[in-house]
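Take a look at the structure set out below.
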Amino acid sequence: MVSNNHPVHLKSQTTVKHAKTVFVRNAKQQTVNVGTSHSRWVWLPNRSVRVTGKFVTKNQKLRAPMTTKQVVAKANLLVNGQQISYLRAKSDEIALTPTKKVERANVFVLAFRAIADLF
């Protein structure tokens, strides 16, 4: 395993392709970027690979304000579209948190959004 793989360090707040954003209805910016909640080492094959993610759980009722420490989703890491073979199902889940603090939209913005949703 060691001769065919090399360690890769995923730093805290690293975004993962295909698991980059979540929707927060009452935030200033409704699409919020998410990244890994903590740093992690992963063994990847030496040949060229694409590390992507797939949401496992995503909180559908997120509400602002949120901090960068609040877990908003969990995702599986995928290498070339497949789960990493040496990890068990639960241990390959990574927690995702907002990359920046999420502020709540003001009352006027929320009112205009509610009116726009009617049409």
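Enclosure of atom CD in Q29 is not indicated, since only 12 or fewer non-hydrogen atoms of other residues, nucleotides or ligands lie within 6.0 angstrom. No more than 12 heavy atoms of other residues, nucleotides or ligands sit less than 6.0 Å from atom CZ of F112.
To the nearest 0.5 Å, atoms CD (Q13) and NZ (K11) are separated by 13.0 Å. From H9, atom NE2 reaches atom CZ of R40 across 11.0 Å, with rounding to the nearest 0.5 Å. Put simply, CG on L96 and CG on N33 are 11.5 Å apart, with the number rounded to the nearest 0.5 Å. Of the inter-residue distances, the one linking K101 atom NZ with T67 atom OG1 reads 8.5 Å to the nearest 0.5 angstrom. For the atom pair L62 CG and R25 CZ, the distance stands at 12.5 Å (nearest 0.5 Å).
Between A73 and F55, the shortest heavy-atom contact is CB-CE2, 3.8 Å. P98 approaches Q70 most closely through the heavy-atom pair CD-O, 3.2 Å. Of all the heavy atoms in A27 and A105, the pair that sits closest is O-CB, 3.7 Å. Scanning all heavy atoms of the two residues, the minimum distance from V24 to M66 falls at CG2-CE, 3.4 Å. The two residues T99 and G35 make their nearest non-hydrogen contact at CG2-N, 3.6 Å.
Cluster membership check: V42 does not share its hydrophobic cluster with V56, using side-chain heavy-atom separations under 4.5 Å among Ile, Leu, Val, Met, Phe, Trp and Tyr. Linking ILVMFWY side-chain heavy atoms closer than 4.5 Å, directly or via other members, places V16 and V8 in a single hydrophobic cluster.
Judged purely by atom type and a 3.5 angstrom limit, T36 uses its side chain to pair as donor or acceptor with the backbone of T14. Panel note: side chain N26, backbone R63; no donor-acceptor pair is recorded below 3.5 Å.
With a 4.5 Å cut-off on side-chain heavy atoms, L10 and I94 do not count as touching.
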Take V22 and K58 through the side chain to side chain contact (heavy atoms under 4.5 Å, CB included) test and state the conclusion after the steps. CA-CA 8 Å; V22 293; K58 191 190 311 188; 4.0 Å; yes
Taking it one step at a time, do N76 and E93 satisfy side chain to side chain contact (heavy atoms under 4.5 Å, CB included)? CA-CA 5 Å; N76 282 337; E93 285 183 10; 3.3 Å; yes
